[in-house]
Amino acid sequence: MNKPDILMNKEESYRLLLQQVQSLTDGESDAVSIMANVSAAIHETMHFFWTGFYVVCGDELHLGPFQGSVACMHIAYGRGVCGTAWQRGETIVVPDVEQFPGHIACSSLSRSEIVVPLFGADGQVRAVLDIDSRELNTFDEVDRHWLEEIVKAIKW
């Protein structure tokens, strides 16, 4: 399979995933249930190493629903990839976690990462979607675009 075919399949997988997330979250208001189903849908569809949410709680992020191995339970504002994405209010793509200053290694198996902030109706970051891969350079602009669209579909 050549690179354009892989890209097209990835785009199609994300397009279908977005439809599934919209269907799962339509009319739902319970944040925990929504995050649980969204993380499961992403994880099952894309086969990432770790997929989950960290929720803003005061001045730190608390572990929320996820799929994967045991994870860090608290992350300070501005620390690691998740805390930095929260602080900046923007998606961060990390091709090699060992090259990210202050990376928090919840698992030594994680090699690359993407973190997407989830905004509330008031424009404040309410949570972050954190996805890790066992491979270097897993995430690109296609992942950024579609994961940002998926996160926008979450309303709570």
Side-chain angles (χ1 to χ4, degrees), residues 1-26 34-56 61 63-72 75-120 123-156:
M1 188 177 295
N2 65 37
K3 191 162 179 109
D5 290 338
I6 293 168
L7 185 60
M8 190 180 314
N9 291 337
K10 184 176 179 179
E11 290 265 8
E12 181 66 9
S13 293
Y14 272 124
R15 187 183 67 73
L16 294 171
L17 179 59
L18 176 59
Q19 291 175 352
Q20 181 184 16
V21 167
Q22 289 168 331
S23 177
L24 286 168
T25 61
D26 187 39
I34 291 168
M35 288 184 290
N37 269 338
V38 169
S39 61
I42 294 169
H43 198 75
E44 288 289 316
T45 301
M46 304 306 290
H47 309 287
F48 294 126
F49 171 61
W50 196 94
T51 308
F53 289 88
Y54 282 92
V55 181
V56 174
L61 295 167
L63 180 62
F66 70 93
Q67 299 285 312
S69 58
V70 172
C72 300
I75 299 174
Y77 182 77
R79 296 253 354 242
V81 182
C82 290
T84 302
W86 171 26
Q87 181 181 45
R88 293 181 187 170
E90 65 185 35
T91 300
I92 298 178
V93 176
V94 182
D96 180 351
V97 296
E98 291 182 22
Q99 302 303 311
F100 189 87
H103 176 257
I104 300 168
C106 296
S107 170
S108 62
L109 298 176
S110 177
R111 302 294 309 277
S112 59
E113 183 171 7
I114 185 168
V115 178
V116 183
L118 187 154
F119 296 92
Q124 298 297 308
V125 176
R126 297 284 181 223
V128 297
L129 170 61
D130 178 22
I131 302 176
D132 293 8
S133 171
R134 289 182 180 200
E135 306 297 324
L136 293 171
N137 300 305
T138 296
F139 306 103
D140 57 23
E141 290 305 310
V142 172
D143 299 285
R144 176 193 303 265
H145 168 76
W146 286 103
L147 291 169
E148 287 176 349
E149 291 302 310
I150 287 166
V151 164
K152 285 178 194 172
I154 301 171
K155 309 279 191 263
W156 54 272

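Heavy-atom basis, side chains included; hydrogens, waters and symmetry copies ignored.
With sequence neighbours left out, A41 forms a side-chain contact (heavy atoms from CB on, under 4.5 Å) with L17, Q20, L24. The salt bridge (Lys or Arg N to Asp or Glu O under 4.0 Å) search around E149 returns K152, not counting sequence neighbours. Residues passing the side-chain contact (heavy atoms from CB on, under 4.5 Å) test with V56 are L61, W86, V125, sequence neighbours excluded.
With D140 contributing its side chain and D143 its backbone, the two residues share a donor-acceptor pair below 3.5 Å.
For the pair V128/V116, no side-chain contact is recorded, criterion being any heavy-atom separation below 4.5 Å from C-beta on. Taking 4.5 Å as the limit, every side-chain heavy atom of V151 sits out of range of all side-chain heavy atoms of F119. Contact annotation: the side chain of S13 approaches that of M46 to within less than 4.5 Å [non-hydrogen atoms, C-beta and beyond]. S112 is not listed as a side-chain neighbour of P95, based on a closest heavy-atom distance of 4.5 Å or more. Two residues are said to be in side-chain contact when any heavy atoms from C-beta on lie closer than 4.5 Å; I42 and Q67 fail this criterion.
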Evaluate I114 against L129 for side-chain contact (heavy atoms from CB on, under 4.5 Å), listing each step before the verdict. CA-CA 8 Å; I114 185 168; L129 170 61; over 6 Å; no
What verdict does the side-chain contact (heavy atoms from CB on, under 4.5 Å) test give for M35 and I154, after you've listed the backbone C-alpha separation in whole Å, the side-chain angles of each residue and the deciding distance to 0.1 Å? CA-CA 8 Å; M35 288 184 290; I154 301 171; 5.7 Å; no
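Closest approach of P117 to A85, counting heavy atoms only: CG-O, 4.1 Å. In this structure, F49 and S110 approach most closely via the heavy-atom pair CE2-N, 4.2 Å. The two residues I75 and G83 make their nearest non-hydrogen contact at CG2-N, 3.9 Å.
Note that the CG atom of L118 and the CD1 atom of I34 stand 9.5 Å from one another [nearest 0.5 Å].
For residues 37-55, the pairs satisfying side chain to side chain donor-acceptor pair (under 3.5 Å) are H43-T51, with sequence neighbours left out. Applying the side chain to side chain donor-acceptor pair (under 3.5 Å) test to every pair with at least one member in residues 88-100, sequence neighbours left out, gives these pairs: T91-E148. Counting only residues at least two apart or on different chains, the salt bridge (Lys or Arg N to Asp or Glu O under 4.0 Å) pairs with a member in residues 123-137 are D122-R126.
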